[in-house]
Amino acid sequence: MHIEQYQTADWYRPGKHQLESLSVIHSDGFISKGVRLSVADSKNTVIYYGGSPFRDGENEVDILGQFAFLGLNVITFKNRGIDSHGTWPSIEQLKQDAEEVFEYSRKKYKNEFLIVHGTAMSSFLVADIAKEQQLNVNAVVIEGAVTTVQELVAVKNRFPWLPKDWLPSSWAAESWLGDAVKPTVKMPKALHGLDNYQLLTAFDGPVLLLAAEDDDLVPVELPQNLYDALPGIKKSLTVVPNADENDLLLHDDSLAAYTMFVRKYGWDD
């Protein structure tokens, strides 16, 4: 990832912000490229899991700018995408990559409060990390939290933004692009096992759920269902009016909720 695109952004302040290129060599030899934005005197760091294959259109320059505005350090990596054979990575590959990115970040920034932040389908990656790395994850934030793929299909009757490699070949291309999926078709095993009720309820740390009122991909009722299922009191849900899945983090209500969350649970600068 080229840091120049962030250095030329309107929000970037050389005296306050520092950028660092990062790389992680995964267990199969694949190298993930990333960037860290450091804000002067901040001890609170977001590991942001977004981008391909879940949010291709996302502008991560603007996203990093929002975290900089909040006074939070942020780490983000580009997910592995389509390989030379035209095949998408498997769910298991992405889960392994996400955990190895977290382990790298935890080791490198051991004296910081680490928040793992997921969006929609990457919420499963984040929730899995929170379950498996309980002693190392300080907090979780999820935008547009999916509960299970089964519930998403029951509500939306479709599989938004999922690579067709993850779906049975019997499903037409228009199905994975968003048209109705026949309820009689058997759910792929890899998708059937994605369950944030099971994963996130095993985490006893603080959790913030952000939901867009006009989200066309993940309806508000799913984050609400997950919030209701979470045990304990270290949880909050903010539904942002007039926001959709593309601009949730750009709204003042989201920033206010994030600020309150970090002030309550994060480390003082």
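Linking ILVMFWY side-chain heavy atoms closer than 4.5 Å, directly or via other members, places Met260 and Tyr227 in two distinct hydrophobic clusters. By the criterion of side-chain heavy atoms lying less than 4.5 angstrom apart, applied directly or through intervening Ile, Leu, Val, Met, Phe, Trp or Tyr residues, Val46 is grouped together with Tyr12 in one hydrophobic cluster. Taken together through direct or relayed side-chain contacts under 4.5 Å among Ile, Leu, Val, Met, Phe, Trp and Tyr, Leu199 and Val101 form parts of separate hydrophobic clusters. Cluster annotation: Leu22 is connected to Ile47 through the hydrophobic network of ILVMFWY side chains, with a link wherever side-chain heavy atoms come within less than 4.5 Å. Both Leu237 and Phe203 are assigned to one and the same hydrophobic cluster, defined by single-linkage of ILVMFWY side chains at heavy-atom distances under 4.5 Å.
Closest approach of Asn138 and Arg106 over heavy atoms only: OD1-NH1, 3.2 Å. Taking each heavy atom of Val262 and Ile115 in turn, the nearest pair found is CG2-CD1, 4.0 Å. Contact record, Leu226 with Ala145: CD2-CB, 3.8 Å, taken as the closest heavy-atom pair. Contact between Val39 and Ala68 at its shortest, heavy atoms only, is CG2-CA, 4.1 Å. Annotation for Ser42 and Asn73: closest pair O-ND2, 3.1 Å, computed over non-hydrogen atoms. Residues Pro223 and Val218 come closest through the heavy atom pair CD-CG1, 4.2 Å.
In summary, the side chains of Ser38 and His17 do not present any donor paired with an acceptor at a separation below 3.5 Å, with no hydrogens or angles considered. Donor-acceptor pairing under 3.5 Å is recorded for the side chains of Glu112 and Thr45. Glu151 and Tyr197 share a donor-acceptor pair across their side chains, judged by distance under 3.5 Å alone. No side-chain N or O of Thr238 forms a donor-acceptor pair with one of Asp253 less than 3.5 Å apart. In summary, the side chains of Asp228 and Gln224 do present a donor paired with an acceptor at a separation below 3.5 Å, with no hydrogens or angles considered. There is a side-chain donor-acceptor pair under 3.5 Å between Gln133 and Glu103.
Taking CD of Glu99 as the start and CG of Leu125 as the end, the distance is 10.5 Å to the nearest 0.5 Å. Here Ser123 contributes atom OG and Asn196 contributes atom CG; the two are 4.0 Å apart, rounded to the nearest 0.5 Å. The distance from the CG atom of Asn44 to the CH2 atom of Trp267 is 8.0 Å, given to the nearest 0.5 Å. For the atom pair Asp195 CG and Asp128 CG, the distance stands at 11.5 Å (nearest 0.5 Å). Note: Ile129 CD1 to Gln134 CD = 13.0 Å, rounded to the nearest 0.5 Å. Atom CD of Glu221 and atom CG of Leu152 lie 10.0 Å apart (nearest 0.5 Å).
The only member of Leu37, Thr76, Val126 that meets side-chain contact (heavy atoms from CB on, under 4.5 Å) when paired with Tyr48 is Thr76. Among Phe67, Phe102, Phe261, the single residue meeting the ring pair (Phe, Tyr, Trp, His ring centres under 6.0 Å) criterion with His117 is Phe67.
Side-chain atoms of Arg263 do not come within 3.5 Å of backbone N or O of Gly266 as any donor-acceptor pair. A distance-only check finds no donor-acceptor pair linking the side chain of Thr147 to the backbone of Leu222 [under 3.5 Å]. At distances below 3.5 Å, at least one donor-acceptor pair connects side-chain atoms of Ser122 with backbone N or O atoms of Thr119. Side-chain atoms of Gln66 come within 3.5 Å of backbone N or O of Leu249 as a donor-acceptor pair. Judged purely by atom type and a 3.5 angstrom limit, Asp247 uses its side chain to pair as donor or acceptor with the backbone of Asp244. For the pair Lys78 (side chain) and Lys33 (backbone), a donor-acceptor distance under 3.5 Å is absent. Looking only at distances, a side-chain donor or acceptor of Trp11 sits under 3.5 Å from a matching main-chain atom of Val61.
Using a 4.0 Å cut-off between charged side-chain N and carboxylate O, Lys108 and Glu20 make a salt bridge. Between Arg80 and Asp28 a salt bridge is recorded (basic side-chain N to carboxylate O distance below 4.0 Å). A salt bridge links Glu92 and Lys95; the closest N-O separation between the charged side-chain nitrogens and carboxylate oxygens is under 4.0 Å.
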(message) Applying side chain to side chain contact (heavy atoms under 4.5 Å, CB included) to Leu70 and Leu255, what does each step give before you reach the verdict?
(response) CA-CA 7 Å; Leu70 293 174; Leu255 299 183; 4.0 Å; yes
(message) Between Ile142 and Leu210, does the side chain to side chain contact (heavy atoms under 4.5 Å, CB included) criterion hold? Intermediate values first, please.
(response) CA-CA 6 Å; Ile142 297 177; Leu210 298 173; over 6 Å; no
(request) Evaluate the criterion side chain to side chain contact (heavy atoms under 4.5 Å, CB included) for residue pair Gln93 and His26; output intermediate values, then yes/no. (result) CA-CA 10 Å; Gln93 279 181 311; His26 295 288; over 6 Å; no
(message) Run the side chain to side chain contact (heavy atoms under 4.5 Å, CB included) test on Leu208 and Val140 for me, step by step, so that the C-alpha distance in whole Å, both residues' side-chain angles and the decisive distance to 0.1 Å come before the verdict.
(response) CA-CA 6 Å; Leu208 169 63; Val140 172; over 6 Å; no
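Looking at Glu100 and Ile25, their side chains never come closer than 4.5 Å, going by heavy atoms from C-beta outward. Taking 4.5 Å as the limit, every side-chain heavy atom of Leu209 sits out of range of all side-chain heavy atoms of Ser236.
Within a 6.0 Å radius of CD in Gln7, other residues, nucleotides and ligands contribute more than 12 heavy atoms.
Taking the ring centre of Phe77 as origin, the terminal cationic atom of Arg36 falls outside the region bounded by 6.0 Å and 45° from the ring axis.
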